[in-house]
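Proteins get letters first, then strands, A, B, ... in listed order; numbering begins at 1 in each.
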Amino acid sequence: MTADIQTPARKSKAERYNPQTVEPHWREKWDEANVFVTPNDDSRPKYYVLEMFPYPSGRIHIGHVRNYTMGDVVARYKRARGFNVLHPMGWDAFGMPAENAAMQNKVHPRNWTYQNIATMRGQLKNMGLAIDWTREFATCDPEYYHQQQSLFLDFLEVGLVDRRVARVNWDPVDQTVLANEQVIDGRGWRSGALVEQRELAQWVFKITDYAQELLDGLDELVRWPDKVRLMQRNWIGKSRGLRMQFSLEAPIHGFEAVEVYTTRPDTLAGASFIAIAPEHPLSQALAADNKQLANFNVDVRRTGTSEEALEKAEKRGFDTGLKVKHPLYEDQTLPVWVANFILMDYGTGAVFGCPAHDQRDLDFARGHDLPVTDTFFALDDDTPVANEAFVPAKTEKVRYVNQPAGVNIASGQEGIDATIDWAETKGLGKGEVQFRLRDWGVSRQRYWGCPIPVVHCDTCGVVPVPKEDLPVKLPEDVSFEEPGNPLDRHAAWNQVPCPKCSGPARRETDTMDTFVDSSWYFARFTTPKADTPTVPGVADDWLPVNQYIGGVEHAILHLLYSRFFARAMTKTGHMSVNEPFEGLFTQGMVVHETYKGKDGWIEPAKVLIDGSDEVRIARHLDTGEVLEIGSIEKMSKSKKNVVDPDDIMATYGADTARWFMLSDSPPDRDVIWTEAGVEGAHRHIQRVWRLTQDIVDATPTDFTDEKPARFSDDALALRQSAHRMLDAVAQDIERLGFNRAVARIYDATNAIGRFLAKTSGTNEDLWALREALAFLLEAMQPMTPHLCEACWEALGHADWLATKPWTKVDRSLLDDDTVLLPIQVNGKKRGTVTVPKDASKEDVETMVLGDADVQAQIAGQTVKRIIVVPGRIVNIVV
RNA sequence: GCCCCUCUGGCGGAACUGGUAGACGCGCUGGAUUCAAAAUCCAGUUCCUUUACGGGAGUGCCGGUUCGAUUCCGGCGGGGGGCACCA
């Protein structure tokens, strides 16, 4: 019956919202009034929100839109909550692509970069971001890299920078060195080329000095995702073990013993061989008069990074013929092998192998006929090890066998610690902590980067460039005709007098890894024009960044380097904040369906989807060709499943793009970009505009803005829902639950629409409606600022939402006097009962048992127990 | 191989610390409005069963703890991510 009662559709006379005129209008207004310019001295509490700054690749992509929208919501919300908000933007502007463009298109990297910045700045401005553009800089600005060179010199002075010859990862395509962090599966992170090993003099930042601190600091980063903290913890890779000597039977080349490091001293009794790295000094010494070993050493490293070797991971070895004494068994000796799976730069570059309790050692032993000796068994199983090593969990108890008298070895983490102590007292070795973390090599043999401010002099050695001579500017006239570093070929630039002796000297031609640039930009934003890297007092006021937002792909590299930089800059007096990012949020990617035609991938803009829900058919817009609908993947040029933010903004406006980016998907998960979803978002934008127009139209000329003394039940309900919504949206934004805030706003919009349709237009009703709409606009303002500003103006307000403080809700409207309690019988819901909010357990029990429906439900059964959770639920057990 | 996360309607997802599962959106179905359409508005939409009232099942699967489990515990399975000769 009720379905037949139709509410007459309210005829809306509203014009459609036109983002193309409304949005630029408001951006101009905000700009003219400098609304988003942030003062450094301000009595309000500070809030620093930052999104990872973009690389100026040419155009912004949809991932930027998502990232910067989230940050902007936080920035606008916090501003409304009374904070002095710092929300800056800059450009991570050094790097390879600019040089690639120079090589391909004969443009200067600088011009290419700044042109891209101009384009992308325009695109970002079109999004209506509440950013203080007066603080903008690019890392390739000489003013910025000047200060970075200054930092480098300070780090050098306190011993945080070192120059050493090291085996480095060499990217043969990019012709530069890569940090360990930049090598992924043996390939360069950018070029994808197989990485080679080379010996080169390298500038390094001594990040390992802070290994323990960087590890400990993670415990305090409670507003970081656990996942990121765990990844950093694993990357730092702390372990405690035993460093010990295995004496050689006969000294050779001055070596009397082989020093090994182990985290499993509890397996010492089962040691059956010693393995050393090909680069180990002993191996190198032996190779000097052993051609076969020399060949082996070279050979294993040549294939060391090849695809084949990485996949097979074959355990190759070379028997040196040397023997060492077993420390626990005086009558036993162990052979010394050179093995490819031993890494020179971890521990001592030598291990003892215990095949029974380490799978890798077992593989090696089986491959080279070495003995396998069980040291311990599981409590309930004493089957000797065959093809699978027995590696007990750290908590598992084991039963030792073959352990000599007086030896005091135990398993488990506690046992291992005790074993180390025992070994120390016996003089077998020394407890030692090892980290997996390596020092950070920052030398890059590239032009488009920050020059390292030192000079090499034949007489004085390495001489820092005096600070008054900074910046060491990149030369303008460079050629990219040949591979390699143009700075090396640029004699006019790199030939300089020594700052110390004035003799002929040569500039350092390496530039810094671009990750250096991004390791302190957040601090520079606090005083972007200062003639020192930071102004310490100001930096300390703003830092740490309260909310940092970016992709999880930076979980290790950028975030770890920045944490190191904060400590290094604290040590050198540039600030006193060890942790740069108090809150970190890693947002998900924007993904899209893929389409494939007979000639390859087709971009979504050229695809028309029709057909039913079950059978969706994709056609090429121009040719009509039926396309294959592929999987949903990260937007990439190769699959062409890319949507251009400019197209979306031109069609629907920035607010629609922003609203869609925040809807539906939780911000840390991937969001699927669909045309239907964007249209749905746009519908809501239009609806809010229409509601505003309709409410303005419905407002009588004699409407008084004075709060009515009483409201109808319906109007009161509307007011309650509006107050609750505003309160809840605030909490959602605080927790970055944008999708939940969006859902509440939809709810509130529906409530306003329903109320408007049935109101008779009394002053009280209009007052309630206008209040509810005002709250809706306030709640939406951080997300869709242009629309809300326009609606706010239409309602007749003279002020701006962009600068309006968040309204304090009426707490008395948040709670009801009564509460609806579900009633369960044996845990199954059988009905509900309305009780006063503050009713006692006993009262509720009486009321529930007196309820006719409840009595019917439990008729003929004995009530064994009644559980009353006040305000929550009643459960009757029969 | 090791470590971590995740699994809820046709879809994206709600459900604060164990308390009415499916909010909100998309899609779909029916209706109103319209000459017609677009747009808009209203109603319905987890599955099975019932003309209806109602009843039953249900948060990847199996089991456990509990008055009560999407939530906690154990096992299994699917998906995703990180690290990877780390001694």
Measuring only the [atom1] atom in each nucleotide, how far is [N] from [M]? A whole number of Å is fine.
N	M	atom1	result
B:G74	B:G25	P	39 Å
B:C2	B:G9	C1'	37 Å
B:U6	B:A87	P	27 Å

Does a side-chain N or O from [X] land closer than 4.0 Å to OP1 or OP2 of [N], or not?
X	N	answer
A:Arg240	B:A87	no
A:Arg229	B:C4	no
A:Arg16	B:U40	no
A:Asn750	B:G25	yes
A:Arg687	B:A39	no
A:Tyr261	B:A87	no

key: Under the ring pair (Phe, Tyr, Trp, His ring centres under 6.0 Å) test, residues paired with A:His554 that sit two or more places apart   = A:His558

By ring pair (Phe, Tyr, Trp, His ring centres under 6.0 Å) - contacts of A:His368 (at least two apart) =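 Ring pair (Phe, Tyr, Trp, His ring centres under 6.0 Å) list for A:His368, sorted by chain: A:Trp337, A:Phe364.
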
remark   = The dot-bracket string of RNA chain B, counting Watson-Crick and G-U wobble pairs with both distances under 3.5 Å, using [ ] for crossing pairs and | for pairs to another strand, is (((((((..(((......[....)))((((((.......))))))((((....))))..(((((..]....))))))))))))....

Basic-acidic side-chain contact under 4.0 Å: A:Asp219, A:Arg233 = yes

Would you tabulate the pairs of protein nitrogen or oxygen atoms and nucleotide nitrogen or oxygen atoms of nucleotides 65-67 of chain B closer than 3.5 angstrom?
{"residue": "B:C67", "atom": "OP1", "partner": "A:Arg865", "partner atom": "NH1", "Å": "3.3"}
{"residue": "B:C67", "atom": "O2'", "partner": "A:Asn875", "partner atom": "ND2", "Å": "3.1"}
{"residue": "B:C67", "atom": "O2", "partner": "A:Asn875", "partner atom": "ND2", "Å": "2.6"}

inquiry  = Both conditions, 6.0 Å and 45 degrees, for the charged tip of A:Arg436 above the ring of A:Trp235: are they met here?
reply    =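 Yes, a cation-pi geometry.
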
task = Applying side-chain hydrogen bond (donor to acceptor under 3.5 Å, both in side chains), name anything that partners A:Ser283, two or more places apart in sequence or on another chain.
result = A:Asn297

inquiry  = Run the side-chain hydrogen bond (donor to acceptor under 3.5 Å, both in side chains) test against A:Glu679 and tell me which residues pass, sequence neighbours left out.
reply    = none

ask   = So A:Phe318 and A:Phe296, would you call those rings parallel, tilted or perpendicular, with 30° and 60° as cut-offs?
value =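 It falls in the tilted class, 30° to 60°.
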
query = Relative to each other, are the rings of A:Phe246 and A:Phe352 parallel, tilted or perpendicular (30° and 60° limits)?
reply = tilted

ask   = Is B:G9 in the syn or the anti form, by the rule that syn lies within 90° of 0?
value = syn

task = Please check if any side-chain donor atom of A:Tyr346 sits under 3.5 Å from a side-chain acceptor atom of A:Ser239, or the reverse.
result =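 Yes, A:Ser239 and A:Tyr346 have a side-chain donor paired with an acceptor closer than 3.5 Å.
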
message = Is a donor from one side chain sitting under 3.5 angstrom from an acceptor on the other, for A:Lys238 and A:Gln212?
response =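 Their side chains do contain a donor-acceptor pair, which is all the 3.5 Å distance test asks for.
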
request  = Classify the nucleic acid contact of A:Lys227 as base, sugar-phosphate or nothing, counting any heavy atom under 4.0 Å across all strands shown.
outcome  =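 Nothing, no heavy atom under 4.0 Å.
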
note = Contacts of A:Val863 meeting side-chain contact (heavy atoms from CB on, under 4.5 Å) (sequence neighbours excluded), chain-then-number -> A:Ile858, A:Ile866, A:Ile876, A:Val878

request  = Using the test side-chain contact (heavy atoms from CB on, under 4.5 Å), find all partners of A:Ala779 that sit at least two apart in sequence or belong to another chain.
outcome  = A:Met725, A:Leu726, A:Val729, A:Ile745

Short N/O separations, protein against nucleotides 12-14 of chain B, under 3.5 angstrom:
{"residue": "B:G12", "atom": "O2'", "partner": "A:Ser665", "partner atom": "OG", "Å": "3.1"}
{"residue": "B:G12", "atom": "N2", "partner": "A:Asp664", "partner atom": "OD1", "Å": "3.0"}
{"residue": "B:A14", "atom": "OP1", "partner": "A:Asn739", "partner atom": "ND2", "Å": "3.2"}

For nucleotides 78-80 of chain B, list the nitrogen or oxygen atoms of the protein found under 3.5 Å from its nitrogen or oxygen atoms, one pair per line.
none

List, with names and distances, any nitrogen or oxygen atoms from the protein found under 3.5 Å away from nitrogen or oxygen atoms belonging to nucleotides 54-58 of chain B.
{"residue": "B:G56", "atom": "OP2", "partner": "A:Arg830", "partner atom": "NH1", "Å": "3.4"}

task = Any chance you could list the contact pattern along nucleotides 45-50 of chain B? Use B for base contacts, S for sugar-phosphate-only contacts and - for none, protein heavy atoms under 4.0 Å, 5' to 3'.
result = ------

